[in-house]
Amino acid sequence: MLLNLAVLGIVAGVAINHPRAEDPSRGFAFGPFNGALTPPERKELREAFRREAPDLRQAWGKMREEFGQMQGLLRAQPYDPAAFAGLLERQRDRGDRMMRIAQKLIADHVAALSPEDRAAFADRLADQMDRRHRD
């Protein structure tokens, strides 16, 4: 679950405020695919993400607000496990929605590639994954 929250944070953060430099290592809006995308592809997919999730800024703001609430819930005496679980569930639901959008955009993008471009994408993805495992 924490990994899902981390992915959500990365997706939303980069989609809202993408890095100024087109450096694939600086942003992972589309997870490991991000480094395999060309700069124009990343820009196109970021813009598509914003169109698909026009309420993204609002959802991200709600997530930040809930992280503040989370701190209070964790410190509360007595501790309320149901309130904490409910907050995590709401965050998961928002994260799932954003993840589904990102996955659909990547799938649609790859489906539109020519066989040669798809093979080049696969090569770049393999290189990206190799780099991640070395670091």
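Just so you know, these numbers use all the heavy atoms, side chains as well, and skip hydrogens, waters and symmetry mates.
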**Message:** So which atom in Phe84 and which in Met70 form the shortest heavy-atom distance, rounded to 0.1 Å?
**Reply:** CE1-CG, 3.4 Å

**Fill in**
Output for pair (Glu89 CD, Asp96 CG), nearest 0.5 Å, gives 10.0 Å

**Message:** Rounded at 0.5 Å granularity, tell me how far CG in Leu73 sits from CZ in Arg75.
**Reply:** 11.0 Å

**Message:** Minimum heavy-atom separation for Leu45 and Leu105, please, with both atom names.
**Reply:** CD2-O, 3.8 Å

**Request:** State, with a plain yes or no, whether a side-chain heavy atom of Lys104 is found less than 4.5 Å away from one of Glu52.
**Result:** no

**Item:** Ionic contact status for Arg94 with Glu66, cut-off 4.0 Å
**Value:** yes

**Request:** Indicate yes or no: does Arg118 engage Asp123 in a salt bridge with an N to O separation below 4.0 Å.
**Result:** no

**Fill in**
Of all heavy-atom pairs linking Ile101 and Ala53, the shortest is CD1-CB, 3.9 Å

**Residues Leu74, Gln71; criterion side-chain contact (heavy atoms from CB on, under 4.5 Å); working and verdict** = CA-CA 5 Å; Leu74 291 169; Gln71 292 173 28; 5.7 Å; no

**Message:** Determine whether Phe33 and Gln128 satisfy the following criterion, side-chain contact (heavy atoms from CB on, under 4.5 Å), listing intermediate values before the conclusion.
**Reply:** CA-CA 8 Å; Phe33 299 109; Gln128 178 70 18; over 6 Å; no

**Message:** For Gln58, I'd like to know if atom CD has over 12 heavy atoms of other residues, nucleotides or ligands within 6.0 Å.
**Reply:** no

**Message:** For His109 and Phe121, take the angle between the two ring planes, folded into 0 to 90°, and tell me which bin it lands in: parallel under 30, tilted 30 to 60, perpendicular over 60.
**Reply:** perpendicular

**Prompt:** Do side-chain atoms of Glu41 reach the backbone of Thr38 as a donor and acceptor pair under 3.5 angstrom?
**Reply:** yes

**Arg46 CZ to Leu37 CG distance, which is reported to the nearest 0.5 Å** = 10.0 Å

**Request:** Report the C-alpha distance between Asp55 and Arg97 in whole Å, list the side-chain angles of each, state the deciding distance to 0.1 Å, and finish with yes or no for salt bridge (Lys or Arg N to Asp or Glu O under 4.0 Å).
**Result:** CA-CA 12 Å; Asp55 61 336; Arg97 176 178 167 259; 3.0 Å; yes

**Prompt:** Does Glu47 pair with Arg50 as a salt bridge, N-O distance under 4.0 Å?
**Reply:** no

